[in-house]
Structure formats: C-alpha cells, structure tokens
Amino acid sequence: MAPGPVGDFDVGGKIVAITGGASGIGLELAKLVLAKGAKVLIADLRLTPESESLVDGKNVIYLKTDVAKWSDLENIVTVSKEKLGDVPDVYVAGAAVFEPTWSNFFDDTETESYASVQINVNHPVKLTRIALRALLSRNKKGVVLIVASMAGYQGNFGATMYCTTKHALVGFTRSVGQLDRHEGVKVVTICPGIVDTPLWDTKPTLKRQFGYHPSLAISAKAVADAEMELIESGKIKGGTVYEISVLGGRKIPTYFITPPGYDPKNPTQGYMPKRDDEGANAPIWNLLKAERQSKL
C-alpha cells in the first residue's frame with residue numbers, strides 16, 4: 001500500500017545521498033543535513049580537502065562515483081545499505097558540467113553520445129528511478145532533489161548544451177510530480193541563478209561572456225539553505241520547480257514565466273546579466289564559418 005504524500009520531512013536521522021557532494025552547493029548541503037543529525041553519502045569523482053575532513057566512515061562516507069555510469073549510481077544504494085544500514089531517504093542529483101571543452105555542441109568531437117547529456121540529464125533521471133525502486137522496496141517515503149538552473153527556462157547561445165540539459169530536468173520534474181501523492185516519493189528541482197563558485201575562474205572570458213557580476217551572484221550556502229526547505233517542507237509538493245536568485249526564491253509556474261525583478265517599463269535593466277553574445281562567442285562563429293567553407 002502506498003504511504004501517501006511525503007509532507008513535512010525532517011532530515012534528522014535520515015540518510016542523504018548527494019552526487020557532486022564534495023564541493024560547492026553539494027558540500028554546503030552535506031554540512032547542513034549533517035548538522036541536523038542526518039547521515040551523508042558523498043558520491044563524487046574525488047574529495048576536496050574540506051569534504052575529506054567530514055568523512056568519518058560512520059556518519060559521513062565517501063563513494064567514488066562517475067555519475068555517467070549507471071552501475072556507479074546503483075552502487076549508491078548498495079553501499080548505503082552496507083555501511084549506513086538502509087537505503088537513502090533523500091537523493092540529491094547535484095553533479096553536472098557546464099559546457100566543458102570535451103563535451104559541448106559546437107566543438108562536437110564526440111562520436112556516440114554527448115557526455116554532458118549523460119551527466120546532466122541521464123544521471124538525474126536514472127538516479128530518480130533508482131531512488132524510487134529503493135524507497136518502494138522498503139515502503140519508505142523519500143525525496144529526490146534535482147539541481148537544475150535558471151538556464152532550464154531560457155536560452156543562451158554560448159551554453160547551448162547546458163541550457164538544453166537543464167530544460168530537460170524541468171520537464172522531467174513536472175512529469176513525475178504525481179509520485180508524491182501516489183507513492184510517497186517527492187521529486188523537486190531547484191533552479192539557481194548565478195552562483196559564486198570557482199567555475200567562473202576556469203576560463204578568462206567566462207565572466208564577460210555570461211554577464212557575471214558579484215552583485216548578481218548568490219552563495220552556494222544560500223542555495224543549500226533553499227534546498228533544505230525543498231526537502232523538508234510539506235508545503236513544497238512533488239513536481240515543484242523552484243528558483244533561487246539574489247532576489248529570493250519563488251516557485252516557477254508552467255506558463256508565463258517572467259524574469260526575476262522584471263520591469264516591463266524598463267526591460268533592459270535590473271537583474272538579468274548583460275551578455276557578450278557577439279565578442280565572447282567569436283570562436284563559435286569562426287568554427288561555423290570554417291564548417292561552412294569546408295563544403296562537406
């Protein structure tokens with residue numbers, strides 16, 4: 001018999017599995033749930049010094065995980081049962097990539113599939129299915145939290161694959177919202193705006209290209225705080241897509257989305273970044289120009 005809607009869900013005493021939990025937003029969430037008495041499974045490719053300091057083999061365990069491999073995702077449940085005594089109650093799909101040189105639309109060097117789709121889309125979808133199967137097998141209520149982005153309902157020429165993958169997560173979350181009231185498994189998605197992370201320093205043109213400015217950025221801790229509310233609050237139902245930005249948080253309806261802080265009398269001002277879609281995207285234009293001239 002299905003347990004009914006999840007409702008309020010205190011993480012104290014629960015098991016929380018977080019992909020991408022070794023750094024950034026995932027690490028901040030790990031610290032928050034640990035402080036509330038949860039046990040944490042960090043599933044990531046490698047530990048950072050800060051996340052390594054949390055791992056004690058008892059309340060916090062680390063599992064080396066390549067989220068593009070479904071066997072590694074399945075192993076999260078196996079290891080949780082072996083080392084923490086049960087299947088996880090909360091599953092957080094936090095691992096993702098942002099237009100890496102080795103997997104993006106314009107360079108297009110891959111021959112079988114886009115690794116960015118494997119990581120950003122297939123991993124959260126498959127983790128949700130694994131979570132559903134594990135929770136139902138124990139007749140437990142649980143939560144799946146997917147980390148998407150405001151890119152999930154807008155476009156950006158220089159981040160084509162990233163926007164595409166995040167759109168997929170928004171659609172997926174809305175599609176499986178009924179699992180909450182029918183099966184007691186709540187699936188929700190958080191869509192952060194610009195977050196202050198080391199990502200912005202990985203390429204010299206990145207901040208200019210995507211309009212990064214400190215006044216527009218929120219901290220990873222602020223996102224993690226919002227994630228805690230999505231997990232624990234019974235007011236947040238399955239299928240919810242929730243935005244968090246410097247202007248605060250809001251649920252995103254299916255239709256008629258307006259930018260946060262949008263002023264119809266002055267639409268070019270306010271929160272939205274000023275992108276350099278021409279100059280910073282010159283390498284893309286040059287690549288397409290070369291392909292046009294190649295006459296394949």
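Quick note: residue numbers are just sequence positions, from 1. Since the model is a prediction, treat every value here as computed from it, not as a measurement.
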### Query
What are the two closest heavy atoms between Val188 and Gly239, and how far apart are they?
CG1-N, 4.4 Å

### Task
Applying side-chain contact (heavy atoms from CB on, under 4.5 Å), run through Asn104 and Thr160 and close with a yes or a no.
CA-CA 8 Å; Asn104 64 68; Thr160 301; over 6 Å; no

### Query
Are Val121 and Lys126 side-chain neighbours, meaning at least one heavy-atom pair lies under 4.5 Å?
no

### Message
Within this structure, what is the CG-CG distance for the pair Leu47 and Leu54, rounded to the nearest 0.5 Å?
### Response
9.0 Å

### Task
For side-chain contact (heavy atoms from CB on, under 4.5 Å), just list the numbers for Tyr242 and Cys191, CA-CA rounded to whole Å, side-chain angles, deciding distance to a tenth of an Å, and then say yes or no.
CA-CA 6 Å; Tyr242 188 85; Cys191 294; over 6 Å; no

### Message
Between Arg174 and Val241, is there a side-chain heavy-atom distance shorter than 4.5 Å?
### Response
yes

### Query
In Å and rounded to the nearest 0.5 Å, what is the CG to CE distance from Leu145 to Met228?
11.0 Å

### Message
Test your reading of the model: is there a side-chain donor-acceptor pair from Asp56 to the backbone of Lys58, 3.5 Å cut-off?
### Response
yes

#### Entry: Under 3.5 Å: donor-acceptor pair, side chain of His167, backbone of Cys163
yes

### Query
Are the side chains of Met161 and Val117 in touch, meaning some heavy atoms are under 4.5 Å apart?
yes

#### Entry: Validation row: Val223, Ile190 side chains within 4.5 angstrom (heavy atoms)
yes

### Message
Under a 3.5 Å threshold, yes or no: a donor from one side chain and an acceptor from the other, between Asp72 and Asn75?
### Response
no

### Query
Do side-chain atoms of Lys186 reach the backbone of Ile236 as a donor and acceptor pair under 3.5 angstrom?
yes

### Message
Please determine whether a side-chain nitrogen of the Lys or Arg among Glu229 and Lys235 lies less than 4.0 Å from a carboxylate oxygen of the Asp or Glu.
### Response
no

### Heavy-atom closest pair, residues Ala38 and Val16
CB-CG2, 4.1 Å

### Query
Does atom CZ of Arg46 have more than 12 heavy-atom neighbours from other groups under 6.0 Å away?
no

### Query
Salt bridge between Lys207 and Asp201, side-chain N to carboxylate O under 4.0 Å?
yes

#### Entry: Residues Lys221 and Glu28 bridged, charged N to O under 4.0 Å
no

### Message
Hydrophobic clusters here meaning ILVMFWY residues chained together by side-chain heavy-atom distances under 4.5 Å, can you tell me if Leu45 and Trp102 are in one?
### Response
no

### Message
How long is the straight-line distance from CG of Asn120 back to OG1 of Thr164, given to the nearest 0.5 Å?
### Response
10.5 Å

### Side-chain donor/acceptor of Ser137 to backbone N/O of Ala134, under 3.5 Å
yes

### Query
Does the Ser175 side chain pair with the main chain of Thr173, one donor and one acceptor, at a distance under 3.5 Å?
no

### Query
Do Val6 and Val143 touch side chain to side chain, with heavy atoms closer than 4.5 Å?
yes

### Task
Verify side chain to side chain donor-acceptor pair (under 3.5 Å) between Ser103 and Glu110, making sure each step is shown before the conclusion.
CA-CA 7 Å; Ser103 183; Glu110 292 159 293; 3.1 Å; yes

### Query
Do Lys141 and Phe9 meet the cation-pi criteria used here (NZ or CZ under 6.0 Å from the six-membered ring centre, within 45° of the axis)?
no

### Message
I'd like to know if the side chain of Ser149 reaches the main chain of Lys166, judged simply by a donor and an acceptor atom lying under 3.5 Å from each other, with no hydrogens or angles considered.
### Response
no

### Task
Compare every heavy atom of Asp8 with every heavy atom of Gly234, then report the nearest pair and how far apart it is.
N-OD1, 2.7 Å

### Query
Is Lys81 paired with Asp86 through a side-chain N to carboxylate O contact shorter than 4.0 Å?
no

### Query
Given side chains that start at C-beta, do those of Asp225 and Leu32 come closer than 4.5 Å, heavy atoms only?
yes

### Query
Is a side-chain donor-acceptor pair under 3.5 Å present for Ser116 with Glu99?
no

### Task
Find out whether Leu136 and Leu132 are in side-chain contact, i.e. whether some heavy atom of one side chain is under 4.5 Å from a heavy atom of the other.
yes

### Query
Taking all non-hydrogen atoms of both residues, which atom of Trp70 and which atom of Ile130 are closest, and how far apart?
O-CD1, 4.5 Å

### Task
For side-chain contact (heavy atoms from CB on, under 4.5 Å), just list the numbers for Ile61 and Val79, CA-CA rounded to whole Å, side-chain angles, deciding distance to a tenth of an Å, and then say yes or no.
CA-CA 9 Å; Ile61 63 172; Val79 171; 3.8 Å; yes

### Task
Could you check if a side-chain atom of Leu29 sits within less than 4.5 angstrom of a side-chain atom of Ile18, using non-hydrogen atoms only?
yes

### Query
Backbone N or O of Ile76 within a donor-acceptor pair of the Ser80 side chain at under 3.5 Å?
no

### Message
Under 4.5 Å between side-chain heavy atoms, counting indirect links through other Ile/Leu/Val/Met/Phe/Trp/Tyr residues: same cluster for Tyr162 and Leu199 or not?
### Response
yes

### Main-chain N/O of Gly184 paired with Asp180 side-chain donor or acceptor, under 3.5 Å
no

#### Entry: Between CD1 on residue Ile194 and OH on residue Tyr212, distance to nearest 0.5 Å
8.0 Å

#### Entry: Separation of Ile146 CD1 from Glu227 CD (nearest 0.5 Å)
11.5 Å

### Query
Counting only N and O atoms by type, is there a donor-acceptor contact under 3.5 Å from the side chain of Trp200 to the main-chain atoms of Val195?
yes

### Message
Looking only at side-chain N and O atoms, does Glu52 offer a donor or acceptor that is under 3.5 Å from a partner on Tyr62?
### Response
no

### Query
Which heavy-atom pair separates Val40 from Val33 by the least distance, and what is that distance?
CG2-CG2, 3.6 Å

#### Entry: Side-chain donor/acceptor of Tyr91 to backbone N/O of Pro88, under 3.5 Å
yes

### Task
Could you please spell out the steps behind the ring-ring contact (aromatic ring centres under 6.0 Å, His included) verdict for Phe98 and Phe210?
CA-CA 12 Å; Phe98 179 76; Phe210 295 103; 5.2 Å; yes

### Option passing side-chain hydrogen bond (donor to acceptor under 3.5 Å, both in side chains) with Asp89 (candidates Lys140, Lys14, Arg138)
Lys140

### Task
Take Ile231 and Val11 through the side-chain contact (heavy atoms from CB on, under 4.5 Å) test and state the conclusion after the steps.
CA-CA 8 Å; Ile231 293 169; Val11 299; 3.8 Å; yes

### Message
Tell me the closest heavy-atom pair linking Asp44 and Ala22, and the distance in Å.
### Response
OD2-N, 3.1 Å

#### Entry: Separation between CG of Leu27 and CG of Leu34, rounded to the nearest 0.5 Å
10.5 Å

